[in-house]
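Here the structure comes first, spelled out in structure tokens, and everything after it is commentary.
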Amino acid sequence: MAEVLIGIAAGVIGGMGIGGGTILIPGIIFLLKIEQQTAQSINLLSFIPAATLAVFIHNKNKNIEKSILVPLIVSGMLGAVIGAVIAVRLNPSLLKKSFSGFLFIMGLYEIFSKKH
């Protein structure tokens, strides 16, 4: 049951474009007691079908700026390779702390940014 609730929460957040991994990875680690690297791998695999559906809906509503897709996709793929190589080589504890710090900083940014 925990898997279903984590998946629904991650799907909702991911569908909004925020990134379901912000819910999925901590949920897998803390509720399912799975290592950080494995949780991140599961996140990447679960992201594919969820992202496909979200892209379809966002494209239907004309919310995609297609002129910037190619550079973002190519550089994102390069970054994914680099990130995966780093993630599998890092100590799980350090990876967990790095991810937590990143989420904390992004949370502070969102709270204190002056965006409307």
Side-chain angles (χ1 to χ4, degrees):
M1 184 62 157
E3 294 92 344
V4 172
L5 294 175
I6 293 168
I8 289 171
V12 169
I13 297 297
M16 287 192 249
I18 298 169
T22 57
I23 298 294
L24 191 69
I25 293 171
I28 290 171
I29 292 169
F30 297 122
L31 298 177
L32 304 180
K33 308 295 185 211
I34 294 175
E35 288 287 329
Q36 181 82 20
Q37 284 95 338
T38 304
Q40 288 182 206
S41 299
I42 293 167
N43 173 58
L44 293 171
L45 287 170
S46 69
F47 172 76
I48 295 167
T52 301
L53 291 171
V55 165
F56 175 78
I57 292 167
H58 284 292
N59 189 52
K60 182 179 169 192
N61 291 316
K62 299 183 184 349
N63 289 332
I64 297 177
E65 184 64 46
K66 293 177 181 158
S67 65
I68 64 171
L69 284 179
V70 171
L72 287 174
I73 290 170
V74 171
S75 59
M77 289 171 55
L78 176 63
V81 169
I82 295 167
V85 168
I86 292 169
V88 297
R89 292 184 178 169
L90 280 179
N91 177 296
S93 178
L94 179 59
L95 187 58
K96 187 185 292 187
K97 289 175 184 171
S98 299
F99 183 71
S100 300
F102 171 74
L103 290 180
F104 181 73
I105 290 167
M106 292 309 298
L108 288 176
Y109 173 79
E110 288 298 322
I111 290 170
F112 295 109
S113 72
K114 303 219 189 266
K115 297 185 292 184
H116 293 87

Original post:
Looking at side-chain heavy atoms only, is the closest gap between Leu44 and Gln40 below 4.5 Å?
Top reply: no
Original post:
Would you say Leu69 and Ile64 make side-chain contact, with heavy atoms under 4.5 Å?
Top reply: yes
Cluster overlap [X] with [Y], hydrophobic side-chain contacts below 4.5 Å:
{"X": "Leu31", "Y": "Val12", "result": "no"}
{"X": "Ile42", "Y": "Phe47", "result": "no"}
{"X": "Phe112", "Y": "Met106", "result": "no"}
{"X": "Met77", "Y": "Leu72", "result": "no"}
{"X": "Phe99", "Y": "Ile29", "result": "yes"}

Where the side chain of [X] meets the backbone of [Y], is there a donor-acceptor pair that is under 3.5 Å apart?
{"X": "Asn43", "Y": "Ala39", "answer": "no"}
{"X": "Lys33", "Y": "Phe30", "answer": "yes"}
{"X": "Asn91", "Y": "Ser93", "answer": "yes"}

Return the [atom1] to [atom2] distance between [X] and [Y], rounded to the nearest 0.5 Å.
{"X": "Gln37", "Y": "Leu95", "atom1": "CD", "atom2": "CG", "value": "5.0 Å"}
{"X": "Ile86", "Y": "Ser98", "atom1": "CD1", "atom2": "OG", "value": "10.0 Å"}
{"X": "Glu3", "Y": "Ile8", "atom1": "CD", "atom2": "CD1", "value": "12.0 Å"}
{"X": "Ile23", "Y": "Leu103", "atom1": "CD1", "atom2": "CG", "value": "9.0 Å"}

Shortest non-hydrogen contact from [X] to [Y]?
{"X": "Gly19", "Y": "Ile13", "result": "O-CG2, 3.5 Å"}
{"X": "Leu24", "Y": "Ala10", "result": "CB-CB, 3.8 Å"}
{"X": "Glu110", "Y": "Ser113", "result": "O-OG, 3.6 Å"}
{"X": "Pro26", "Y": "Gly21", "result": "CD-O, 3.5 Å"}

Original post:
So Ile25 and Gln36, side chain to side chain contact (heavy atoms under 4.5 Å, CB included) or not? Walk me through it.
Top reply: CA-CA 8 Å; Ile25 293 171; Gln36 181 82 20; 3.8 Å; yes
